[in-house]
Amino acid sequence: MTQAMKLVASARFQQAQQRVIAARPYADKVRQLMTGLAAAGGSFEHPLLQVRPEERVTAIVIGADKGLAGSYHANLVRLAQRFLEGQQGEPRVYVMGKKALGYIRRLGYTVDGVLELPGTSVSFDTVRPLSLDVQQMFAEGKTDAVYLIYTQFHSAISHETLVQRLLPAEPPAQTTGGGGQEDAAAEYLFEPEPDKLLSRLLSRYVDTQLFRAVLESIASEQGARMTAMTSATKNAGEMIDRLTLSLNRARQAAITTEIAEIVGTAEALK
């Protein structure tokens, strides 16, 4: 069973890894475009950029629908618990993944929304409704900040649990090139104006950050499950070998005892 689960997780891991690798250039390009627009737009105000004292915080915990993934959920929930305990008042919590939902509820927090993750088939449309909901909440002042709690993917055996602020959105700072010159926004011609583009792009930027976090979490989950099932298969094999050896020893001892009894009986009859 563990061997079969390892093979399934391995196949899903390959798909999830490819999707993460494919999504990263898009997310990076959106960040780059945000940088140019922010520099060209100068002073820019938008509801999603408003920084307020964080008295009402919303957390989006991205887990998984299934277990048997080693310490994947334990590490995630431990970080979520530390983060939520450090907040003022009662934080609002949204959970992705049925397995993570059980952990969060056992901590005693009220879950305001749940979203199932359909494995590696998750799409941009899957997470966009949640993204729009938290954007509307933030714009209306119902929450002061929105944070993502998820697992960032590095490799099949390496992943890291992170807390990342999603809202208020923070356009990347303008960077400098190798020659010390700033990446000048004047190199681009914007139509319409940078302010209008940035206003439209901010919502898509938030969507992209959430979607990327989900893909990172799915890849980390499959990698953790593949590693866990590899260890489980190895341990099961070693246990089978030990039990087989014990069985053979017990059977050999029983045969030896029977032979000894037969020989003893034959000697007694003489």
Who are the ring-ring contact (aromatic ring centres under 6.0 Å, His included) partners of Phe211, not counting sequence neighbours? Phe124
Do NZ/NE/NH1/NH2 and the carboxylate oxygens of Arg24 and Glu216 come within less than 4.0 Å? yes
Tyr147: partners by side chain to side chain donor-acceptor pair (under 3.5 Å), with sequence neighbours left out: Glu54
Would you mind listing every salt bridge (charged side-chain N to carboxylate O under 4.0 Å, His left out) that reaches into residues 232-247, with sequence neighbours excluded? none
Gln135 and Ser131 side chains, donor-acceptor separation under 3.5 Å: yes
Would you list the atom pairs, donor with acceptor, under 3.5 Å between side chains in residues 84-105 and any protein atom, with sequence neighbours excluded?
unit_1, atom_1, unit_2, atom_2, d
Glu85, OE2, Gln81, NE2, 3.2
Gln87, NE2, Phe83, O, 3.1

Arg52: partners by side chain to side chain donor-acceptor pair (under 3.5 Å), with sequence neighbours left out: Gln50, Asp144
Could you check whether Arg212 pairs with Asp28 (Lys NZ or Arg NE/NH1/NH2 to Asp/Glu carboxylate O, under 4.0 Å)? yes
Got more than 12 heavy atoms from elsewhere within 6.0 Å of CG, Leu247? yes
For a side chain to side chain contact (heavy atoms under 4.5 Å, CB included) with Arg19, tell me which candidate from Val122, Ile218, Val214 qualifies. Val122
side-chain contact (heavy atoms from CB on, under 4.5 Å) partners for Ala23, two or more places apart: Leu215
Is there a donor-acceptor contact under 3.5 Å from the side chain of Tyr72 to the main chain of Ser217? yes
